[in-house]
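Everything below concerns the one structure shown next.
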There are 2 protein chains.
Amino acid sequence: MRDHAVVKGMQRAELARRTGSNLETVRYYEKVGLLPEPPRTAAGYRAYDSTHERRLRFVLRARELGFSLDEIRGLLRLADERDRPCADARDVAAVHLADIRAKITDLKRMERVLKDVVAQCGDGTLPECPLIETLFGKAA
Amino acid sequence: MRDHAVVKGMQRAELARRTGSNLETVRYYEKVGLLPEPPRTAAGYRAYDSTHERRLRFVLRARELGFSLDEIRGLLRLADERDRPCADARDVAAVHLADIRAKITDLKRMERVLKDVVAQCGDGTLPECPLIETLFGKAA
DNA sequence: CTTGACCCTGTAGTTGCTACAGACCCCACA
DNA sequence: TGTGGGGTCTGTAGCAACTACAGGGTCAAG
């Protein structure tokens with residue numbers, strides 16, 4: 001297993017495989033400035049090392065938590081350039097947490113309505129479909 | 001108030017205003033085939049009537065419930081072309097409901113993690129920020 | 001020395017809008 | 001009758017965050 005090897009000079013596909021990401025996504029992150037452009041071999045191939053992998057993993061974990069690429073850029077800057085970024089980073093997370101809670105609230109509203117109409121539809125033999133009538137505004 | 005008037009030959013801005021939608025959105029829905037192209041005046045202006053409004057309201061309500069435009073196209077087709085579309089419509093809604101529940105599950109996971117790290121950050125004076133350390137993978 | 005698997009670049013597609021630019025048109029007021 | 005300020009029209013470009021090519025170069029194994 002190369003996962004145990006010294007990680008130096010890997011190529012894009014290997015980095016993507018090691019981190020479970022799509023290799024096109026890695027390029028995209030470089031293009032939009034989330035990841036540094038790695039050095040190139042004589043033939044122009046990207047040669048990553050473990051610092052690139054570490055940074056990519058940061059981005060991927062942040063994406064899993066729903067941070068936008070812009071927020072991640074900010075978090076990376078905080079992680080890089082400051083001694084004590086905790087208050088700022090916490091604020092970014094707190095704002096994002098509020099976003100997520102708002103989304104959950106929205107989705108729960110949708111879930112409630114949909115659950116109800118699906119239940120009203122029953123076995124689907126009604127002549128007037130409750131879902132369609134709801135959407136046309138016959139009932140709230 | 002024109003809301004009480006006979007609704008015939010309204011223009012785009014009025015339709016948008018009456019339904020609380022953006023007028024560019026209405027045009028977009030026409031372009032992608034969700035709404036029929038309305039007849040035009042001699043000058044080429046769109047002239048809507050209440051059937052257009054009814055259909056637009058259907059689309060807007062479905063969007064509020066999180067249906068994709070593709071799903072809405074399907075629901076409109078069911079509403080138009082069939083005698084007893086309830087079983088099919090219910091299935092569309094049930095699939096969508098499952099999507100929404102999956103999204104809620106994801107968001108709740110994010111919420112839990114974020115709530116924890118924000119709490120760990122406390123007043124933001126820690127030298128090692130728990131959020132940043134978490135993202136770098138120091139802790140799970 | 002060829003074959004196939006990798007890599008490179010740039011660009012176009014996705015979803016659901018939103019926002020122009022530049023050109024009409026229409027009505028009221030003077 | 002002219003003009004001003006609003007409407008409307010079209011097409012196109014932009015947003016997020018990827019994803020998927022096309023058309024080429026490179027490299028190592030057989």
Using a cut-off of under 3.5 Å, enumerate the N/O to N/O pairs linking the protein to nucleotides 4-7 of chain C.
unit_1, atom_1, unit_2, atom_2, d
C:dC7, OP1, A:Ala13, N, 3.2

Rounded to whole angstroms, how far apart are [atom1] on [X] and [atom2] on [N]?
X: B:Arg17; N: D:dG6; atom1: CZ; atom2: P; value: 18 Å
X: A:Glu30; N: C:dC8; atom1: CD; atom2: C1'; value: 12 Å
X: A:Leu60; N: D:dA17; atom1: CG; atom2: P; value: 14 Å
X: A:Leu15; N: C:dC8; atom1: CG; atom2: C1'; value: 16 Å

Closest non-hydrogen atom pair, B:Arg90 against A:Asp123: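 Closest approach of B:Arg90 to A:Asp123, heavy atoms only: NH1-C, 3.2 Å.
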Non-hydrogen atoms of A:Ala93 and B:Val118 that approach each other most closely: CB-CG2, 3.8 Å
Does [X] have any side-chain contact (heavy atoms from CB on, under 4.5 Å) partners at least two apart in sequence or in another chain, and if so, which?
X: A:Thr51; result: A:Asp49
X: A:Pro130; result: A:Gln120, A:Cys121, A:Leu126, B:Cys86
X: B:Ala62; result: A:Leu135, B:Phe67, B:Ile72
X: B:Asn22; result: B:Glu24, B:Thr25

Listed once per pair and sorted, the ring pair (Phe, Tyr, Trp, His ring centres under 6.0 Å) pairs that draw on residues 97-131 of chain B, sequence neighbours left out: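 Ring pair (Phe, Tyr, Trp, His ring centres under 6.0 Å) check on residues 97-131 of chain B returns no pairs.
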Full working for side-chain contact (heavy atoms from CB on, under 4.5 Å) between A:Thr134 and B:Arg61: CA-CA 9 Å; A:Thr134 297; B:Arg61 286 204 183 85; 5.8 Å; no
Residue pairs passing the side-chain hydrogen bond (donor to acceptor under 3.5 Å, both in side chains) test where at least one lies in residues 106-115 of chain B, sequence neighbours excluded: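 Applying side-chain hydrogen bond (donor to acceptor under 3.5 Å, both in side chains) to every pair that reaches into residues 106-115 of chain B, excluding sequence neighbours, yields A:Arg101-B:Glu111.
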Annotated protein contacts, base or backbone, on nucleotides 10-17 of chain C with a non-hydrogen cut-off under 4.0 Å, one of B, S, - each: BB----BB
N/O (side chain, A:Arg40) to phosphate O (OP1/OP2, C:dT9) under 4.0 Å: yes
Ion pair B:Asp70/B:Arg73, N-O distance below 4.0 Å: yes
By side-chain hydrogen bond (donor to acceptor under 3.5 Å, both in side chains) - contacts of A:Asp88 (at least two apart): A:Arg82
Within residues 102-110 of chain B: residues closer than 4.0 Å to DNA chain D (heavy atoms): none
Intermediate values then yes/no, side-chain contact (heavy atoms from CB on, under 4.5 Å), B:Leu65 and B:Ile100: CA-CA 10 Å; B:Leu65 292 178; B:Ile100 282 178; over 6 Å; no
Helical bend (five base pairs per end, nearest 10°) for the helix from C:dC1-D:dG30 to C:dA30-D:dT1: 30°
With a 3.5 Å cut-off and sequence neighbours excluded, list the donor-acceptor pairs that the side chains of residues 29-41 of chain A form with protein atoms.
unit_1, atom_1, unit_2, atom_2, d
A:Glu30, OE1, A:Arg46, NE, 2.9
A:Glu30, OE2, A:Tyr48, OH, 2.6
A:Arg40, NH1, A:Gly44, O, 2.9
A:Thr41, OG1, A:Ala43, N, 3.4
A:Thr41, OG1, A:Tyr45, N, 3.1

